[in-house]
Amino acid sequence: MLQKIRVEEAIGTVLAHDITEVKANREFKGRAFKKGHIITKEDIPKLLDLGKENLFVLKISEDELHENEAGEMIAKAIAGRGVYLSDEVKEGKVNFYAAYDGLLKVNVEGLEKINLLGEVMCATRHNNSQVKKGTLLAGTRAIPLIIKKQVVEEAVNITSKCGKIVEVLPLRSVKAGLIITGNEVYKGRIKDAFEPIIREKIKNIGSELIKVTFVPDDVDMIATGVKELINAGAQLIVATGGMSVDPDDVTPLGVKKAGAKITAYGSSVLPGAMFMMAYLDEIPILGIPACGMYYKTTIFDLILPRVLAGEKIGRTEIAKLGHGGLCLD
């Protein structure tokens, strides 16, 4: 409710308009008090110095909240682990930042429910984005200057039921092994192009490639190669080549013979339709088709951070990548 009241009676009310300050000799002209500012006892002398004996203010009732208070309450309810908030709430808006390098997880269902409330909002980066420390992840705000307390409470209750909306999962640092399949590479007819690409990607995500093994298109030798990498201490294995449908593309068969369980073969991502995901006990095995040599971004770049964040990847997780799974480098 908008009211005109004396300055001395305005403590605790919300300023309904900007107040401009002009100093002599054109030293300064600008905003001294911002619309939405909550008047304090310390503000009274300056307001009187500016010639403001009366103010137009918004009176907040018991069932209402100022936008800044509402924004802060919503932000604290939304933010999960690995997230810190902007120092200052401005016009009801709060930003979220990554506290460390990791994988951004967005509770999409909860986010939609909050945005359906109408007077509050939250916008985020894409779910499952790999982020660096300090990355801006999301922003939330109360839309009106004065908001009903009930709406804010509903937003907070959504996070109580659905869980936190924005969080960052840390990525494990692992020792990785690489098995490169193909008769043409094994026999030295062509030079391998996979190793430098995979090595760089493993390094950039904070892990280490400890051993590279070359094998022909032979089921038994592929199985043996997988076991040798595990014996060498590999906590994650990347297998390249032999992922297509040709009769001599037997990498999935070799991985299976090594004792691994294939949880997905074929994906809804381009490039990377012939991707394989498998696990030997708890050790993830990622099968990368030939596209991994030619394209900057493939399914490997989408799945690797999730694996290192501890997610178990199967057919359902792969299928959900179809929406947005057209990689654009």
Side-chain angles (χ1 to χ4, degrees), residues 82 97-105 125-137 168-182 185-186 190-215 222 225-243 251 255 260 267 269 271-272 274-313 317-318 321 325 327-329:
Y97 299 92
Y100 43 71
D101 296 359
L103 182 72
L104 171 64
K105 300 299 294 185
R125 287 176 176 263
H126 281 292
N127 186 29
N128 293 318
S129 296
Q130 186 182 344
V131 297
K132 295 291 186 181
K133 180 180 179 180
T135 299
L136 176 63
L137 307 173
V168 176
L169 303 183
L171 303 183
R172 291 187 301 144
S173 178
V174 301
K175 295 178 179 179
L178 173 60
I179 182 167
I180 298 172
T181 69
V185 176
Y186 180 73
I190 66 170
K191 184 179 179 181
D192 168 64
F194 259 121
E195 180 182 345
I197 295 170
I198 300 301
R199 183 178 294 278
E200 185 68 15
K201 290 189 175 188
I202 293 290
K203 178 183 176 182
N204 287 342
I205 206 166
S207 290
E208 177 189 5
L209 184 61
I210 61 168
K211 185 176 176 62
V212 181
T213 297
F214 293 87
V215 294
I222 292 170
V226 169
K227 293 176 182 177
E228 287 177 353
L229 291 175
I230 293 174
N231 290 335
Q235 300 164 297
L236 176 144
I237 294 173
V238 179
T240 66
M243 301 299 302
T251 300
V255 168
S267 83
V269 175
M274 300 307 297
F275 173 78
M276 177 196 72
M277 188 73 227
Y279 290 86
L280 205 168
D281 296 327
E282 296 301 315
I283 297 175
I285 303 175
L286 286 71
I288 314 300
C291 65
M293 287 190 291
Y294 306 112
Y295 294 94
K296 180 181 177 182
T297 305
T298 70
I299 188 171
F300 181 64
D301 303 277
L302 302 181
I303 294 298
L304 182 60
R306 296 180 65 177
V307 169
L308 294 181
E311 290 191 26
K312 196 73 177 285
I313 305 297
E317 289 73 24
I318 298 291
L321 292 175
C327 298
L328 302 177
D329 277 347

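When reading the values below, keep in mind they use all heavy atoms of this one structure, side chains included, and skip hydrogens, waters and symmetry mates.
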How many angstroms lie between atom CE of Met274 and atom OG of Ser267, to the nearest 0.5 angstrom? 9.0 Å
Would you check if Phe194 and Val238 make a side-chain contact, meaning some heavy-atom pair closer than 4.5 Å? no
Separation of Ile303 CD1 from Asn128 CG (nearest 0.5 Å): 8.5 Å
Heavy-atom count around Asn204 CG within 6.0 Å, excluding the residue itself: above 12? yes
Without swapping roles, check the side chain of Ser207 against the backbone of Ile202 for a donor-acceptor pair under 3.5 Å. no
Side chain proximity check, Leu171 to Leu103, heavy atoms < 4.5 angstrom: yes
Tell me whether Tyr295 contacts the main-chain N or O of Gly272 through its side chain, where contact means a donor paired with an acceptor under 3.5 Å. no
Going by heavy atoms in the side chains, are Cys327 and Thr298 under 4.5 Å from each other? no
At what distance, to the nearest 0.5 angstrom, does CD of Gln235 lie from CD1 of Ile283? 8.0 Å
To the nearest 0.5 Å, what is the distance between CD1 (Ile180) and CD1 (Ile198)? 8.0 Å
Test: Lys201 cationic atom under 6.0 Å from Phe300 six-membered ring centre, within 45° of axis: no
Which heavy atom of Ala193 sits nearest to which heavy atom of Met293, and what is that distance? CB-SD, 3.7 Å
In the structure I gave you, are the side-chain heavy atoms of Leu236 and Arg172 within less than 4.5 Å of one another anywhere? no
Quick one: closest heavy-atom pair of Val307 and Ile313, and the distance? CG2-CG1, 4.0 Å
d(Ile179 CD1, Leu229 CG) to nearest 0.5 Å is 6.0 Å
Can you tell me if Tyr186 has over 12 outside heavy atoms packed within less than 6.0 Å of its OH? no
Contact summary for Gly177 and Leu209, nearest pair of heavy atoms: C-CD1, 3.9 Å
Is there a side-chain contact between Arg306 and Leu302, using heavy atoms and a 4.5 Å cut-off? no
Is any side-chain heavy atom of Ile318 closer than 4.5 Å to one of Phe275? yes
Over all heavy atoms of both residues, which pair between Glu311 and Lys105 is shortest? Give the atoms and the distance, please. OE2-NZ, 2.6 Å
Looking at side-chain heavy atoms only, is the closest gap between Tyr97 and Leu136 below 4.5 Å? yes
Distance-minimising heavy-atom pair for Thr181 and Gly242: OG1-N, 3.6 Å
Atom pair NZ/CG of Lys227 and Leu280 - distance to nearest 0.5 Å: 8.5 Å
Which heavy atom in Leu104 sits nearest to a heavy atom in Asn127, and how many Å separate them? O-OD1, 3.6 Å
